[in-house]
Enquirer: 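The following block contains the structure, expressed as C-alpha cells.
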Amino acid sequence: MDVLKEVGNIGAGNAATALSRLMNVPVDMAVPNVRLMPFECIADEVGGPEQVVIAIYFRVEGEVPSHLFFMFELEAAKMLLARLSSLQMEDGVDFSEMEISALGEIGNILAGSYLSSLADFTKLYMSPTVPQLAIDMAGAVLNYGLLQYGEMGDSALLIDTKFLQDGNEVQGTFFLIPDPDSFSKIFAALGVPYE
Amino acid sequence: MIEESTVVKVGMADLNVCRSGSIRTTGLGSCVGLTLYDPVAKVAGMAHVMLPSSEIAREGARNIAKYADTAIPELIRRMTIEGAKLVRLEAKMAGGAQMFAFHSSNDMMRIGPRNVESCKQALQLQGIPLLAEDTGGNYGRTIELSCESGMLNIRSVQKGVKEL
C-alpha cells in the first residue's frame with residue numbers, strides 16, 4: 001500500500017507542479033490516498049454520486065492498463081478557465097466548445113505529467129488515450145472505471161489525490177484506478193514482493 | 001414531492017424492494033436501473049445492474065445483484081415474499097449509457113448496450129413485459145420508482161426530468 005501511495009505521490013506531485021505553472025498560482029496537493037473502497041463510497045470523494053462534475057477520462061494503455069479520471073467541480077473548472085485564458089465565461093452549467101476543448105487540453109497536460117513521472121519511476125510503458133470529457137453525475141462517470149473490478153468483487157483499489165489551492169479549497173481530484181491485473185506488474189517493477 | 005424519509009435506496013450492484021414511498025438509485029452510467037412493479041399489490045423492486053452476465057464473473061463470492069441474469073430472478077423472489085405475483089409484474093428500465101465514445105477493441109467499452117440487451121433477455125425468460133425504457137445515450141441518470149403509482153421518474157443533468 002505504501003508503495004502505491006508513493007507512486008501516486010510522484011505522479012500527482014508532478015501534475016500539481018504542471019497545474020501550478022499553467023495557472024501561475026501555487027497549487028498544493030493532499031497526500032494521496034490508496035484504498036480498497038466499496039463502489040458505493042468512491043463517488044462520495046467528490047460529493048456523492050449525483051454531484052455534477054467535469055470529468056476528464058483517459059484509458060491508460062501499455063504495461064499497466066488503468067483508468068485515470070480527473071474531476072473538477074463546475075465552479076472550479078470555470079475558475080480554472082478564467083485564470084488560464086481570456087475566454088469570456090458564460091454563467092450556468094453550459095460550457096462552450098472552446099471551453100471544453102481547453103479543459104480537455106488541461107487534462108491532457110496534467111495526465112501527461114502524471115503518467116510520465118510514473119513511467120519514469122516504474123520503468124513501465126504507459127500511454128494515455130485521447131481525453132474524453134463528460135459533464136455529468138460523478139457516479140455515472142465513475143461507473144466506467146469500476147467495471148473490471150465488478151467482475152471480481154464490490155470494491156476497487158484507487159489512488160486518489162486532491163488538489164488544493166489557497167489552502168483549503170478543493171479544486172480537483174485525480175483518480176487512478178489500475179486494472180486488477182496491473183498491481184503485480186507495478187510491484188514487480190518496483191522490486192517489492194506482492195502477495 | 002415524496003418525503004425523503006420514505007425513499008428506499010439501491011446502491012451500485014445492489015437491489016431492493018419496497019411497499020410504500022419510493023425506491024431510488026443514483027448515478028446510473030453504463031449500469032442499468034431495472035424496475036419491477038406489481039400494480040395490484042403495490043410492491044416495487046429495483047436492481048442496479050452493473051454487468052450483463054454472471055458467466056464472466058471471476059473467482060470469489062458472487063454478488064447476484066450485480067449481473068442482469070441473476071439480479072432479475074432474485075428481485076422476483078424478494079418481491080414475491082412481499083406479496084407480489086409474477087404474472088402481474090411489469091418492468092421498466094433506464095440507463096445503459098455509453099459515457100465515453102471509444103473506438104476500442106475492449107468489449108468493456110460497450111458494456112451499457114450489452115447490459116440493456118441482457119436485461120431484456122432475462123425479462124423475456126420470465127415472461128415479464130417491458131412497459132417503457134429510457135436507455136442508451138451518453139449521459140448519466142438517477143431514477144426513482146413510486147410504489148403508489150408505478151411511475152418511473154428519471155433525472156439527468158443534460159436532459160432534465162422525464163417520467164415513464
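Since the structure is predicted, the reported quantities are computational estimates derived from the model, not experimental observations. Chain naming here is simple, since letters A, B, ... match the order of the sequence lines and numbering starts at 1 in each.
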Enquirer: May I ask you to check whether over 12 heavy atoms, not counting those of A/K5, lie within 6.0 Å of atom NZ?
Expert: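 Open.
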
Enquirer: Output the residues of residues 36-48 of chain A for which the shortest heavy-atom distance to chain B is under 4.5 Å, in residue-number order; output 'none' if no such residue exists.
Expert: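 So the qualifying residues are A/F39, A/E40.
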
Enquirer: More than 12 heavy atoms of other residues, nucleotides or ligands under 6.0 Å from NZ of A/K185: is that the case?
Expert: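 Yes, enclosed.
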
Enquirer: Is it the side chain or the backbone of B/N138 that comes within 4.5 Å of chain A heavy atoms, both, or neither?
Expert: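 Backbone only.
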
Enquirer: Between chain A and each of B/A97, B/A13, B/C31, count heavy-atom pairs under 4.5 Å; write down the option with the most.
Expert: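 Ranked by contacts with chain A, first place is B/C31.
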
Enquirer: Apply side-chain hydrogen bond (donor to acceptor under 3.5 Å, both in side chains) to B/D69 and list each qualifying residue two or more places apart in sequence or on a separate chain.
Expert: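 Counting only residues at least two positions away or on another chain, B/D69 forms a side-chain hydrogen bond (donor to acceptor under 3.5 Å, both in side chains) with B/S54.
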
Enquirer: B/N115: what forms a side-chain hydrogen bond (donor to acceptor under 3.5 Å, both in side chains) with it, not counting sequence neighbours?
Expert: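 Checked B/N115 against side-chain hydrogen bond (donor to acceptor under 3.5 Å, both in side chains); zero matches.
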
Enquirer: Taking the six-membered ring of B/Y139 (Phe, Tyr or Trp), confirm whether the NZ or CZ of B/R141 is under 6.0 Å from its centre and within 45° of its axis.
Expert: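 Judged by the rule, B/R141 and B/Y139 form a cation-pi pair.
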
Enquirer: Test of understanding: with salt bridge (Lys or Arg N to Asp or Glu O under 4.0 Å), list the residues that count as partners of B/D38, not counting sequence neighbours.
Expert: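 B/R88.
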
Enquirer: Between A/L142 and chain B, which part of the residue has a heavy atom less than 4.5 Å away: side chain, backbone, both or neither?
Expert: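 Contact with chain B involves no heavy atom of A/L142 at all.
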
Enquirer: Run the side chain to side chain contact (heavy atoms under 4.5 Å, CB included) check on B/C147 and B/C18 step by step: do they pass?
Expert: CA-CA 7 Å; B/C147 273; B/C18 79; 2.7 Å; yes

